[in-house]
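Just below is one structure, and these are the notes that go with it.
Whatever order the structure lists them in is the order used to number ligands and atoms, beginning at 1. These numbers come from the heavy atoms of this one structure, side chains and all, not from hydrogens, waters or symmetry mates.
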Amino acid sequence: MLKIVVLVSGGGTNLQAIIDAVADGTIRNTSIEAVISNKPDAFALTRAKNNGIDAKCISPKDYKERSDFNDALLAAIDGYEPDLIVLAGYLVILPPALIERYPNRIVNIHPSLIPSFCGMGFYGLKVHEAVLARGCKVTGATVHFVDEGADTGPIIRQKAVEVKQGDTPEILQRRVMEEAEWHILPQAIDMIAQGKVTVEDGLVRIR
Ligand code: GRF
């Protein structure tokens, strides 16, 4: 059984996709041990509670020192003994010690085709605004392992999505979630749970 902890900051539609995929068997052999948010009012926490999943808020704002927040987050995650940590719209810089402790055991969903429109400053609607400003005809989403860089870890899964004339950043964001994110994140978790994903020389190999 792959034990996962999901970190969130917002509405949690990707979390919902994971919950639904575990329920309908699209993700096999996996249990969601906990959902942790940095925002007390994140709707993702309500989604977790509605599904009987442990839900808690650990906010940097509740700690005087950043290092105290980092320690608290790390201790909370460690307490669940997860096999995999899933960042599902988590907008907080991870404690370096977390990345060190869980090499190739943290995955993130990013709403573009990495290496385009990723790295520092590319999050949320900013990604889609930049895609539209460049006049791209195709965008998409990427699931990747997290390393010490910004969106630089090994790529596990990607899916392309068409950019349509007249798209606004909001319309494009929605299409990328519906057509890509909500599919490839559960798929990647299932592939990991099935033991199909390995990292060799910094690249993902699927068996
Ligand atoms: C998604 O677009 C994800 O790619 C990005 O943040 C958004 C999260 O949405 N990192 P939700 O909270 O899962 O609804």
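- Atoms of ligand 1 found under 4.0 Å from any heavy atom of T13 (numbered from 1 in listed order, with element): 11 (P), 12 (O), 13 (O), 14 (O).
- Remark: minimum distance from atom 5 (C) of ligand 1 to any protein heavy atom is reached at G89 CA, 4.0 Å.
- Side chain to side chain, N38 and S59 fail the donor-acceptor criterion of an N or O pair below 3.5 Å.
- Of the protein's non-hydrogen atoms, the one nearest atom 10 (N) of ligand 1 is I109 O, 3.5 Å.
- If you chain together ILVMFWY residues whose side-chain heavy atoms come under 4.5 Å of each other, L91 ends up grouped with Y123.
- The shortest contact between atom 4 (O) of ligand 1 and any protein heavy atom is with E181 OE1, 2.7 Å.
- In this structure, a donor-acceptor pair under 3.5 Å is absent between the side chains of Y102 and D83.
- Within the model, atoms CD1 of I184 and NZ of K159 stand 8.5 Å from one another, a figure rounded to the nearest 0.5 Å.
- Among the atoms of G12, some N or O lies under 3.5 angstrom from an N or O of ligand 1.
- Ligand 1 does not have A44 within reach: every non-hydrogen atom of the residue lies 4.0 Å or more from it.
- Side-chain contact, D71 with Y63: no donor N or O sits under 3.5 Å from an acceptor N or O.
- The protein non-hydrogen atom at the shortest distance from atom 9 (O) of ligand 1 is N14 ND2, 3.9 Å.
- Within the structure, ligand 1 lacks V8 among the residues with a heavy atom less than 4.0 angstrom away.
- To the nearest 0.5 Å, atom CG of residue L125 and atom CD of residue E170 are 5.0 Å apart.
- I36 CD1 to S9 OG: the interatomic distance, rounded to the nearest 0.5 Å, is 11.5 Å.
- Shown in contact with P111 at under 4.0 Å from a heavy atom are these atoms of ligand 1, numbered in order with element: 4 (O).
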